[in-house]
Number of protein chains: 2
Amino acid sequence: MQEGIVSQDTAVDDSLGETTLLDRIRELILGGDYKPGTALSEVRLAEYYAVSRTPVREALKQLQIEGLVEIRPKVGTFVREITRREILEMFEVKETLEGLAARLMARRGQIPELDTLRTNVEASELAVLRNDSTAYANLVHEFHETLITGSDNLKLAQHYRTLMNQLAYHHLVLTSVQHPGRLSRSTAEHRQVLELITAKDSVGAELAMKDHVWASSREVMMDSVSRQDRN
Amino acid sequence: MQEGIVSQDTAVDDSLGETTLLDRIRELILGGDYKPGTALSEVRLAEYYAVSRTPVREALKQLQIEGLVEIRPKVGTFVREITRREILEMFEVKETLEGLAARLMARRGQIPELDTLRTNVEASELAVLRNDSTAYANLVHEFHETLITGSDNLKLAQHYRTLMNQLAYHHLVLTSVQHPGRLSRSTAEHRQVLELITAKDSVGAELAMKDHVWASSREVMMDSVSRQDRN
DNA sequence: CAATACCTTCTTGCATGGTAGAAATCCTAT
DNA sequence: ATAGGATTTCTACCATGCAAGAAGGTATTG
């Protein structure tokens, strides 16, 4: 029925198999397929995903709450431009939340996540030696994720993930050119955090983690400056 | 009260003048009018507020994201029961976020919010002398709110407010019986934070603030225990 | 009396038609 | 040619109809 309308040009019934519509659109924004300023029309998205406007609308509304899109009433929905200041603000919050995670995890003592962390750091050190930056990027993601889950605080995890989505952190790390010495320094910082957590030094782990996040934020911010200058 | 959602069929157009439907429902939950477990039917709310199901549905969906209600697919929407563990988790995050706010505000130096804070502390000290607990509760709220805005970090403010909504903090503070000596101690802690911020001692301010939040969380948790025992 | 199958009645979920408003475009007049 | 006003065409928004699933009560059967 709809095929007559949509089959021609766009709509290859992208039939969201398992992934939800919301995740689908979010990934497209985070992946940079929808650049800031792009209009996200309800009807076009509905046609493209072969659903009605209602679920599309719901997804867009949540994306607005997450801060990824801006809905201008009676005008349209657009991919938001994240300002440099916002990124700075988010890194400040990220630093604090991850510091808390390190402290909480240190307090817990012997937990399985500790082994995961140790394995991760060792793999990271190998990745640095092999200069395998893509493997390294994934390991970094896993390290931070393990820390969050290891803190055993669901509310913390929730706020953290919301923040990371808005930051498009994964995208930031991947696109930003890692400075030469940074990889080894970053891994050393990871190891230090790990050792402090193992030693159950909660305040030390918190401080070390905050320092680490601050240092890596500096790197990313420098890259984002140069990227911004090119525009 | 107990009949809750629908009074009669006579939809008393509670015509949400300026406040949005979302805020309206949220306040009712936070105010305790809708107790945990209460079913929030789309149709009944729609009739009651004289709108269609669609905006009601949108509001409920956001409330789910905020963690205030739980939507069980094809079953119904219910006011969530906040567990004791969740409250503990939220206080841990609250402590960290407010600590960050104190640090950031201390870093900023001479700003108008500093005067607001000083005026607030002085008023609080007077309220303690007069044993005016309702005035004190409002001043506490203002103190923390000023700190957050004074940090000049919108992302921090956003996460903080979401957290406070979920905690139903205002309700917690108002219903919980403040322990005798707590008021004066709490005010003294406020003053200490203020002085440290004034002295631009950012790390000191952060630690003092974290201690303060931790102390007051202990008070609230003790009360919430006794309340839970009564059920 | 107990257990099970069915049936009624709720619920949310999705699709779609109509509306108001904003913005861009075109048309007219100076 | 340019400025201003009417109009057309988008947009999000809201109301409502319809369908599918979950739950509870009831009747029937062992």
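So that the names make sense, note that chain A is the first sequence line, chain B the second, and so on, each numbered from 1. What you see is a predicted model, and the numbers here were worked out from it, not measured in a lab.
Annotation: salt bridge (Lys or Arg N to Asp or Glu O under 4.0 Å) contacts involving residues 155-169 of chain B, sequence neighbours excluded, comprise Glu86(A)-Lys155(B), Glu145(B)-Arg161(B). Among residue pairs with one or both ends in residues 107-121 of chain A, those qualifying as salt bridge (Lys or Arg N to Asp or Glu O under 4.0 Å) are Arg107(A)-Glu92(B), Arg118(A)-Glu195(A); sequence neighbours excluded.
Comparing atom distances between the Arg53(B) side chain and each of dA12(D), dT12(C), dA15(D) picks out dT12(C) as nearest.
For CZ of Arg85(B), the number of neighbouring non-hydrogen atoms (other residues, nucleotides, ligands) closer than 6.0 Å is greater than 12.
Ring orientation note: the planes of Tyr169(B) and Phe91(B) are nearly perpendicular, at an angle over 60° on the 30°/60° scale. Between His190(A) and His144(A), the ring planes lie perpendicular to each other; the angle is over 60°, past the 30° to 60° tilted range.
Taking 4.0 angstrom as the limit, Arg44(B) places none of its side-chain polar atoms (N or O) nearer than this to OP1 or OP2 of dC10(C). Taking only side-chain nitrogens and oxygens, Thr54(B) never comes nearer than 4.0 Å to OP1 or OP2 of dA15(D).
Remark: side-chain polar atoms of Thr96(B) are not paired, donor with acceptor, to backbone N or O of Val93(B) under 3.5 angstrom.
When rounded to the nearest whole Å, the span between NZ of Lys61(B) and C1' of dT12(C) equals 10 Å. Distance Glu58(B) CD to dT12(C) P: 15 Å, rounded to the nearest Å. Separating the CD1 atom of Ile71(B) from the P atom of dA22(D) is a distance of 16 Å, rounded to the nearest angstrom. What separates CD of Glu42(A) from C1' of dT9(D) is a distance of 16 Å, to the nearest Å. If you take CZ of Arg57(B) and P of dA15(D), they are 15 Å apart, rounded to a whole angstrom. Rounded to an integer number of Å, the gap from Tyr49(B) OH to dC14(D) P is 16 Å.
Note on Leu60(A): nothing from the nucleic acid sits closer than 4.0 angstrom, heavy atoms only.
Listed by residue number, the members of residues 72-79 of chain A with any heavy atom below 4.0 angstrom from DNA chain C are Lys74(A), Val75(A).
Mapping Ser52(A) and Val43(B) onto DNA chain C via the closest heavy atom, the residue that lands nearer the 5' end is Val43(B).
For the residue pair Gln62(B)/Glu58(B), the side-chain donor-acceptor check at 3.5 Å is not satisfied.
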